[in-house]
Number of protein chains: 2
Amino acid sequence: MKHFITFNFARRCALLIWLLATSSAFAQSDPLPSWNDGPAKQAIVAFVKATTDQTSPNFVPPAARVATFDQDGTLWVEKPMYSQVMYCLDRVPAVVKAKPELANVEPFKTVMSGDREAMAKLTKEDLFKIVAATLTGISVDQFHTEATAWLEKAKDPRWKQPYTQLTYLPMQEVLKFLRTNGYKTYIVTGGGQDFVRVYAEQTYGIPPEQVVGTAGGVKYGYGSDGKPFLTKEPRLLLNDDNAGKVEGIHLMIGRRPYAAFGNSTGDREMLEYTKAGDGARLAMLVLHDDAQREYAYGPASGLPESKVGTFPQSLYDEAQNKGWIVISMKNDWKRIFAFEP
Amino acid sequence: MKHFITFNFARRCALLIWLLATSSAFAQSDPLPSWNDGPAKQAIVAFVKATTDQTSPNFVPPAARVATFDQDGTLWVEKPMYSQVMYCLDRVPAVVKAKPELANVEPFKTVMSGDREAMAKLTKEDLFKIVAATLTGISVDQFHTEATAWLEKAKDPRWKQPYTQLTYLPMQEVLKFLRTNGYKTYIVTGGGQDFVRVYAEQTYGIPPEQVVGTAGGVKYGYGSDGKPFLTKEPRLLLNDDNAGKVEGIHLMIGRRPYAAFGNSTGDREMLEYTKAGDGARLAMLVLHDDAQREYAYGPASGLPESKVGTFPQSLYDEAQNKGWIVISMKNDWKRIFAFEP
């Protein structure tokens with residue numbers, strides 16, 4: 001009898017361990033439920049299988065599993081304007097109050113006028129001036145507090161949702177699917193690194209150290225209490241866009257990604273660099289071709305031209321030639337937002 | 001009988017799970033065997049307990065557990081000269097061969113002469129010129145290959161060991177002890193980020209994305225095969241020393257460390273910034289006071305003055321005043337190197 005119990009015990013323990021090990025795999029038999037079955041979904045699943053199956057010739061050791069994601073237009077809505085620009089515009093009155101001499105200086109004058117048409121015509125240089133004036137000259141902690149407060153109350157003009165609710169459910173599933181399979185997921189954004197870090201952990205499960213973005217310098221100094229603090233300076237350290245994204249990846253990660261996701265010309269070099277590595281690599285571009293459920297802009301495939309998130313025909317053709325996979329929002333995504341039924 | 005088996009089974013499973021959970025803790029009842037029992041060792045153990053015990057008022061959630069380590073002089077030997085400088089000096093002949101016009105230009109002329117006394121007198125500006133000439137203008141991949149090859153064959157002049165063997169065993173134990181307790185360990189070095197990344201994973205178990213160092217820009221371009229590659233440029237992005245270490249931490253980690261380890265004035269701001277945070281914070285400085293087993297230099301506590309790794313009396317006094325703990329190599333470390341008996 002004693003032997004029987006021992007044997008039975010060992011068998012039951014083995015069963016228990018097996019159940020523990022496999023239950024999570026069974027529970028999520030389809031890791032991408034918001035995706036229609038098509039080439040995009042199949043490519044993601046095949047890539048994960050090829051790089052995580054120990055018997056695969058393209059197996060990637062867990063430490064090297066890096067996947068990078070552009071944010072605006074790839075993980076969340078970027079229309080009618082990048083949310084960070086909305087934040088900066090909203091901060092202009094406070095900046096002008098602190099420095100009244102700016103009230104009659106462009107582009108601050110235009111922003112203060114509230115004239116939406118004039119504001120839509122602001123150039124990139126104008127926006128840079130606004131960004132520099134609204135995001136710098138304050139302490140890192142103060143910036144964090146103010147950005148957090150704004151994100152809690154600000155709403156997107158179309159869905160009347162907080163910006164952090166406007167993430168694409170199918171992409172959230174990709175982030176989780178990759179992480180479940182040992183990938184470290186990074187945001188690599190042209191947006192401000194400090195701004196995205198404020199919400200990335202709560203919104204995407206991506207910690208601050210895995211957010212690579214456009215970054216300015218900070219200055220170390222002391223408060224009146226003698227405590228050290230950092231002040232944000234208008235000195236550009238890293239312009240994390242176009243080839244700058246690859247520079248940012250080298251600086252902050254030091255490894256070539258195995259998978260990269262983008263949606264515009266600003267992501268071209270990141271995808272090219274990712275695909276140029278050995279073995280199985282995944283490069284994907286989100287095409288906004290769903291005016292009804294989100295937006296439609298390109299101008300690839302005859303979609304309307306856009307100032308924000310440009311996806312020209314040349315990028316579309318390059319994707320076709322180089323094996324980068326274009327995700328059609330309209331055809332590949334069953335559901336776009338979590339707040340929708 | 002059946003009930004007995006079931007009850008017994010449950011009890012045994014609980015026992016098994018308890019054993020699995022606690023066995024690693026029992027196996028290493030002393031996580032710091034190369035440390036003598038003293039205030040330094042006690043401070044490390046107390047800090048880990050205070051920040052990882054769920055019932056502690058200073059408990060830190062795992063995601064926020066960040067510990068930063070200076071490298072030269074803190075994790076490994078920095079005398080008679082930083083190993084990266086030795087690498088650069090060794091590379092000068094190859095650089096001069098490629099650019100013969102440098103042979104008669106200082107400081108390259110002095111290095112080519114092989115005159116050790118003259119080389120010891122090279123200024124910081126001279127060394128910067130050598131670093132810029134030897135570490136830039138080549139691709140990131142070529143640099144990686146060359147640095148790897150050098151590290152495999154180069155030997156330290158005193159112990160005749162590869163540089164990567166000259167790490168301090170007590171500090172390796174601290175790295176492991178912190179990681180076992182959920183801490184992410186980072187190197188934050190004044191040395192070159194790309195150089196340290198070549199060996200940090202194998203030497204310290206620290207992956208490239210957790211190495212923050214002095215960093216230059218890279219340029220994205222294409223080879224004759226059309227493949228993209230990165231070239232190292234002589235353009236300084238981050239001078240990761242003194243206050244620059246805090247800037248580097250903000251840029252690359254985005255969180256304030258809970259523990260920081262250094263050994264010289266270059267680490268002052270990192271320790272100050274770490275200690276200025278809330279809750280339990282640990283700041284430690286390695287004092288090289290063991291001429292017999294390693295080196296003795298300061299000039300704190302009457303030790304001989306040093307050009308490399310300065311630890312003046314003012315830093316020693318500041319440590320005493322601010323609760324930073326000074327590690328005496330002589331008194332706190334039972335054993336210094338793993339290769340020693």
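Letters go in sequence order (proteins before strands), and every chain restarts at 1. Computed from a predicted model, the values in this text were never measured in an experiment.
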Let's test your reading of the structure: which of [options] forms the most heavy-atom pairs below 4.5 Å with chain B?
options	answer
His250(A), Lys227(A), Glu269(A)	His250(A)
Asp194(A), Val66(A), Leu238(A), Val211(A)	Asp194(A)
Lys275(A), Arg197(A), Gln193(A)	Arg197(A)

Between [options], which shows the greatest number of heavy-atom pairs under 4.5 Å with chain A?
options	answer
Leu230(B), Leu251(B), Val218(B), Asn242(B)	Leu251(B)
Arg235(B), Arg256(B), Lys219(B)	Arg235(B)
Gly216(B), Pro208(B), Gly213(B)	Pro208(B)

Considering all heavy atoms, the nearest Thr164(A)-Leu151(A) contact | CG2-CD2, 4.3 Å
Side chain, backbone, both or neither: which part of [X] has a non-hydrogen atom closer than 4.5 Å to chain A?
X	result
Leu237(B)	both
Val140(B)	side chain
Lys184(B)	side chain

Do Arg65(B) and Tyr258(B) meet the cation-pi criteria used here (NZ or CZ under 6.0 Å from the six-membered ring centre, within 45° of the axis)?
-> no
Between Thr274(A) and Arg281(A), does any side-chain donor sit less than 3.5 Å from a side-chain acceptor?
-> no
If you measure only the distance, is there a donor-acceptor pair under 3.5 Å linking the side chains of Thr51(A) and Tyr183(A)?
-> yes
Kindly compute the distance separating CZ (Phe229(B)) from CD1 (Ile138(B)), expressed to the nearest 0.5 Å.
-> 11.5 Å
Do Tyr220(B) and Glu272(A) come within less than 4.5 Å of each other through their side chains, counting heavy atoms only?
-> yes
CA sep, side-chain torsions, deciding dist, call: Thr265(A), Thr310(A), side chain to side chain donor-acceptor pair (under 3.5 Å) = CA-CA 6 Å; Thr265(A) 44; Thr310(A) 51; 2.9 Å; yes
